[in-house]
Protein chains: 2
Amino acid sequence: MAADPLSRVFAALADPTRRDMVARLTVADATVNELAAPYDISLQAVSKHVRVLEDAGLVSRSRSAQRRPVHLEAEVFDLMTKWLERYRRAAEERYRRLDDVLAALPDDDAPPEEGARP
Amino acid sequence: MAADPLSRVFAALADPTRRDMVARLTVADATVNELAAPYDISLQAVSKHVRVLEDAGLVSRSRSAQRRPVHLEAEVFDLMTKWLERYRRAAEERYRRLDDVLAALPDDDAPPEEGARP
DNA sequence: CTCCTCCTCAACCGGTTGGTTGAGAACGAG
DNA sequence: CTCGTTCTCAACCAACCGGTTGAGGAGGAG
């Protein structure tokens, strides 16, 4: 279970139920019971989902009496957004660069396998 | 295997090997063989990884001769970024709103369950 | 104290996933 | 045509995942 943080975050968000929980947690904190209400799965299953979110750092919990309110953490979103943005930008730039590459094509019709890794 | 698109994208990116491939594809297109070079897993495994990325719409392939160059698609990144940004912003706003909520707390110490979805 | 509520732990199950090996399709080069 | 290269399909396997049920810990409420 020692996967890198990013993998855990992506994996946690790969489940629609979990994404829905996150969406609802942006509105307000909630207990496990409240979180479980909309879904017709067992409370234990919901508990597991929350644990996955917690392990991914997307969510934190404080104990107040016997309730364990679930709270959304925004930081990890920033981290992921940053990661994503980086590659999105790179892909876009490459897309733009393509025109230059095509324009700079010499008489040779067989492209010289330009895949040298820097 | 009929998961929603967003789930497929997140799931695809939940694997470090696949994320590394995506990173390298931002630099240049590559064949399966080129992609496979850095990893000590079988070529078939790499082929499977590429297929997962393709099913997620992160990557497209054209056939030129017997080579099947893999090309990164930027659109899906936009989609995911948009999704993420929406919740990141919501979480931040809620974080900011928290001060107001605390300030507006009446004499009642039991918060009135304000979880109505708009 | 006893009871009730909220939640978690543990064991189990079927389906998916990441990996393997082996066979073979598709295509260019000789 | 034959050969070599590139890549995929198929079957299999161990591990993980999302779900279940059953048991039980941790606090308030009576």
Side-chain angles (χ1 to χ4, degrees), chain A residues 1-4 6-22 25 29-56 58-71 109-113 115, chain B residues 1-22 25 29-56 58-71 109-111 113 115:
Chain A
M1 212 187 275
D4 60 299
L6 219 34
S7 293
R8 262 177 297 176
V9 174
F10 277 121
L13 256 22
D15 185 287
T17 303
R18 244 130 49 192
R19 277 202 310 279
D20 191 58
M21 289 178 177
V22 166
L25 284 172
D29 291 0
T31 67
V32 173
N33 256 297
E34 290 164 358
L35 273 182
Y39 320 115
D40 58 346
I41 61 180
S42 71
L43 201 71
Q44 291 92 323
V46 174
S47 190
K48 278 192 185 181
H49 277 308
V50 173
R51 178 165 244 277
V52 172
L53 290 173
E54 191 179 16
D55 286 348
L58 281 161
V59 131
S60 69
R61 334 172 64 170
S62 55
R63 85 172 315 131
S64 91
Q66 71 273 55
R67 312 226 163 109
R68 321 276 317 273
V70 180
H71 173 75
D109 56 300
E113 181 67 22
Chain B
M1 214 189 273
D4 59 300
L6 219 34
S7 293
R8 262 177 296 176
V9 174
F10 277 121
L13 255 22
D15 185 287
T17 304
R18 244 130 48 191
R19 277 202 309 280
D20 192 58
M21 288 179 179
V22 165
L25 284 172
D29 291 1
T31 66
V32 173
N33 257 296
E34 289 165 358
L35 273 181
Y39 321 115
D40 59 345
I41 61 179
S42 70
L43 201 70
Q44 290 93 322
V46 174
S47 191
K48 279 191 183 181
H49 278 307
V50 173
R51 178 166 244 276
V52 172
L53 290 173
E54 192 179 14
D55 286 348
L58 281 160
V59 129
S60 68
R61 338 174 61 172
S62 56
R63 86 173 312 132
S64 93
Q66 72 272 56
R67 311 224 164 110
R68 319 278 316 274
V70 180
H71 174 76
D109 55 299
E113 179 70 19

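Proteins come first, then strands; the chains are lettered A, B, ... in the order of their sequence lines, and each starts at number 1.
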Please lay out, stage by stage, how A/Val59 and A/Met21 fare under the test side chain to side chain contact (heavy atoms under 4.5 Å, CB included). CA-CA 10 Å; A/Val59 131; A/Met21 289 178 177; over 6 Å; no
Examine [N]: is either OP1 or OP2 under 4.0 Å from a nitrogen or oxygen in the side chain of [X]? Give yes or no.
{"X": "A/Asn33", "N": "C/dT5", "answer": "no"}
{"X": "B/Ser47", "N": "D/dC7", "answer": "no"}
{"X": "A/Arg61", "N": "C/dT8", "answer": "yes"}

Apply side chain to side chain contact (heavy atoms under 4.5 Å, CB included) to the pair A/Arg19 and B/Asp4, showing each step before the final yes or no. CA-CA 12 Å; A/Arg19 277 202 310 279; B/Asp4 59 300; 2.6 Å; yes
Roughly how many Å is it from OH in B/Tyr39 to P in C/dG19, rounded to a whole number?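 About 11 Å, once rounded to whole Å.
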Round to the nearest Å and state the distance from B/Leu53 atom CG to D/dT8 atom P. 12 Å
B/S/- contact track for nucleotides 18-25 of chain D, protein heavy atom under 4.0 Å: SBBBBB--
If every non-hydrogen atom of [X] is compared with every non-hydrogen atom of [Y], which pair is closest and at what distance?
{"X": "A/Tyr39", "Y": "A/Asp20", "result": "OH-OD2, 2.7 Å"}
{"X": "B/Ala56", "Y": "B/Val9", "result": "O-CG2, 3.5 Å"}
{"X": "B/Leu35", "Y": "B/Ala30", "result": "CG-CB, 4.1 Å"}
{"X": "B/Pro16", "Y": "A/Ser7", "result": "CD-OG, 3.5 Å"}

Side chains of B/Leu25 and B/Leu58: closer than 4.5 Å at any heavy-atom pair? no
Can you tell me how far apart CZ (A/Arg61) and CZ (A/Arg51) are? Round to the nearest 0.5 Å. 8.5 Å
Could you spell out the base pairing of DNA chain D in dot-bracket, with Watson-Crick or G-U pairs whose two distances are under 3.5 Å, [ ] crossing and | to another strand? ||||||||||||||||||||||||||||||
